[in-house]
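Structure first, commentary second.
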Amino acid sequence: MTERRDKIPEYDFKNIESKWQERWNEQRLFEAPAHPGDAEKFYLLVMFAYPSGDMHIGHFRNYIIGDAVARQQMMMGKQVLHPYGWDAFGLPAERAAISRNIHPAVWTKQNISVSGNTLKKTGVSFDWSREVASCDPEYYKFTQWMFIELFKKGLAYRQRGFVNWCPEDKTVLANEQVVDGRCERCGTGVEKKEQVQWYFKITDYANRLVDDLDDLPGWPDNVKTMQREWIGRSYGLEVDFTIEETSEKLPIFTTRPDTIFGVTFMAIAPESELIERLGMDPEHAAQVEAYKKEVAGRSDIDRASITDDKDGVFTGKYAINPYNGERVQLWVADYVLSGYGTGAVMAVPAHDTRDFAFARKYDIPIRVVIHPDSETVLDAQTMSEAFTEYGPMVNSGQFDGKSGKAATDAVSDFAENKDFGRRRINFKLKDWSISRQRYWGCPIPIIHCATCGEVPVPFEDLPVELPDVEDYHPKGRSPLSDVDSYMNTTCPKCGGEAQRDPDTMDTFVCSSWYYLRYLDPLNENEPFDRDKANAWLPIDLYIGGVTHATGHLIYFRFFHKFLYDIGWINSKEPATRLFNHGMVSDSNGEVMSKSKGNVVSPMELFEEHGVDVSRLAMFFAAPSDRPVGWDTKEFVTGPEKFVYGRLYPMVENYRSSDVDLKQYFKSDELTSDERKVYIKLNQTIKRVSESFERLQFNTAISSLMELTRDFDAVEIQNDHLNDAVILKTIQLIAPLAPHLAEEMWQLCGFDEDSVFKSKWPEYDPKAVIGDVIKVAIQVNGRLRGTVEVPVGSEKAPVEEAAKENEKVRAHLDGKEIVKVIYVPGRLLNFVVKG
RNA sequence: GCGAGAGUGGCGGAAUUGGUAGACGCGCUGGAUUUAGGAUCCAGUUCCGUAAGGAGUGGGGGUUCAAAUCCCCCCUUUCGCACCA
């Protein structure tokens, strides 16, 4: 090995990496044209990142996965678009800046530069000419444009309502940003607060967001399931009950109309305005008031944890069931959510778990109206839990005997005919709250005028620039509201004195359309040119973490559909294939964090082992969708030996035979060793190509290791074959170890053209199976030996050969052969008796 | 609690989707080289057994000539949802 290394220049990764990075840059190898042209297009997108201090090893993994795909697609002849940018507005940047006492703008800019440098050092094939940062006025000008377009269509509206308030960050959070009742960012318990907020009416798109998931076969099922559940569509019936004395209607939503004769009480949410209009007597009114106060003091965390213990208070009032005219008690109960359905429920203790618990606690009657089947009879007195399945209706007058869908339909039809009810679809998904009372975000482009109301800023005046303020600290109201020069303006409509909206937008708004801006990043007049955008859309592969399943990935589909509706793009879904990469943790499976001191920086890795060895090590550690517990020594050793001991030294063996890479070799022109290597080569091409389709680069690398090992083990006389193996190996490894491959490619004499301009190898279909094949011989399903037979052998000769085998014979002796099963090219199984 | 996924050597992980389980790599053992260490190379490495042979893909059952792979029950684990009427 040492003698070999003397002949070729040592692999000096530092110089070689920067050499090729410079060259790619000069040649603009990764810059995509405005239109893909005649070649098939491939839009590869990795989720852009928030620019924190520096790149994490998890980012490193994410980007090299995309990079490998991009480079291979390029070699497959596609016109690839692989852009990158920065999700630069938002709370984390602002909080970090505050703790360092640096202005968020300065801090963000610094970090974009630091992270950008690290990224450039990894040699990822991003088209940097399309780089965007969501905090640039040229970018957020069009975030504001998006807002106004939504506003014009009535899909952006302002409303007073209960919001999730994080007392630590002093801002409102979207439902998606509240996890287990806590702020996703800082972990503080979220409070309910009433406030005027801007909302995007994403619920208008709820049906399509669910239905169109069926048109996304390239999305992982778990993400689609999560989105379906998050949107939470349910079909049911809205029925108007009536409040006894006031005759006010009390609509409720139910998915179980077939249980409506079992209603024994009603419950309304403590937040419901209806409570005030009930006309309760003073005693009950006081109890209800006390209960409301108590509930208001409960945090979301408490509410979530008391799932078993339901409580509530009786109002002293009654409601009438329109089906049977019965009067039932009306309660106020915490377990009724004000934000879902009508904020009131009909309670059927016999057939609903929650109602059952409540009824038992407060001694409310339980009435059975569904039986499991016609034989089994339930007894309300002795039931230990609610029966929540479908079955024939009983005690339900004219509906008795009907069950399941027929029952639901009959009961629903009845209500619709009598006009006291209607079929309805309800969603768990709520409108997207986007106002943030923070400084570092995209200003909301609305002017509040006393006479004209909410007036959008005219396009000519966009962007509404975020003013440079002294004090950007959060104080519970937007810091912008204290900046008079910003707030005071004139109404674009009437010219009178008016005020700007003081809030900024949730960063998820900024990240909902960035993939479109990449398609025309310098356009000053439009968010993007329609032709350019449609030429590249949809995204062919979108790579990112599962964490965004119910947040970003729903918002971004919503935006895409909206833009489709208003005629800006002609695809209904933004991305045809989604890939979730696995996370990187430390070797104990723990998240890397500065406080634990277990952070592995990609830069350290590059310094010590070079970018390409680091890449190979990461790829080799696990398939891309699985988590990796990173251990530098364990993971790097193998790939490093492979590169220095086997792969790179191949170049020294190159014979400059001027081989045509399209040439296939015929059996009779090769020795048997050569034939073996040729077959191995083609099997490897096949396996590596398949590995790329599944993004399973670990198996790609292992087959390349096998190929180089087998190649080293034999003497190759045929110069063309020798060189073909070397060149194709370089091509196959190129997307995974790009600098190394370029260097080797050049050492083999390809001075002019990048290996990425060469054509991805195709395998010789006649050479993926050897001429001779090993067939396993089993007796009663257990392996007793193997025989070598020519490819395509019939059963009889294989059976003959098998019987020659001593061990096999030993197991056949004295037994009766009942059956012989032959799987051509695989195995032969004797089934024996006795 | 509900839903989805996963469980294969000491470790990361393979297995053409029902057909020779453990590819490839790490680690380990022995040997070669070396003043020594490191590095490198060769051989071995699922477990029990000197061997013949047997057992073996979380556990138990089943289908099949043949199961890591398909079916049923259970255990463990990861993730998501968690009063959605």
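Every chain is numbered from 1, with letters handed out A, B, ... down the list of sequences. The basis for the numbers below is simple: all heavy atoms, side chains too, and nothing from hydrogens, waters or symmetry mates. What you see is a predicted model, and the numbers here were worked out from it, not measured in a lab.
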Q: Indicate, with a heavy-atom threshold strictly under 4.0 Å, whether A:R784 touches base, sugar-phosphate, or nothing.
A: sugar-phosphate
Q: May I ask which nucleotide in the shown strands pairs with B:rC79, Watson-Crick or G-U wobble, both distances under 3.5 Å?
A: B:rG3
Q: Would you mind classifying the nucleic acid contact of A:E634 as base, sugar-phosphate or nothing, using non-hydrogen atoms under 4.0 angstrom?
A: base
Q) Just checking A:V831: base, sugar-phosphate only, or nothing, at a heavy-atom cut-off of under 4.0 Å? A) sugar-phosphate
(Q) Categorize A:S234 for me: base, sugar-phosphate, or nothing, with a 4.0 angstrom heavy-atom threshold over every strand shown. (A) sugar-phosphate
Q | Rounded interatomic separation in angstrom, taking CH2 from A:W230 and P from B:rC79 | A | 17 Å
Q. Which is true for A:N698 with a 4.0 Å heavy-atom rule: it touches a base, it touches only sugar-phosphate, or it touches nothing?
A. sugar-phosphate
**Q.** hbond_proxy A:K633 side chain to B:rC26 base (donor-acceptor, 3.5 Å cutoff)
**A.** no
Q | Anti/syn call for B:rU50, syn if |chi| within 90° | A | anti
Q: Report yes or no: is there a donor-acceptor pair, N or O only, under 3.5 Å between the side chain of A:R782 and the base of B:rU20?
A: no
Q.
Tell me whether the rings of A:Y555 and A:W432 are parallel (<30°), tilted (30 to 60°) or perpendicular (>60°).
A. parallel
Q.
Classify A:F830 by what it touches in the nucleic acid, base, sugar-phosphate, or nothing, heavy-atom distance under 4.0 Å.
A. nothing
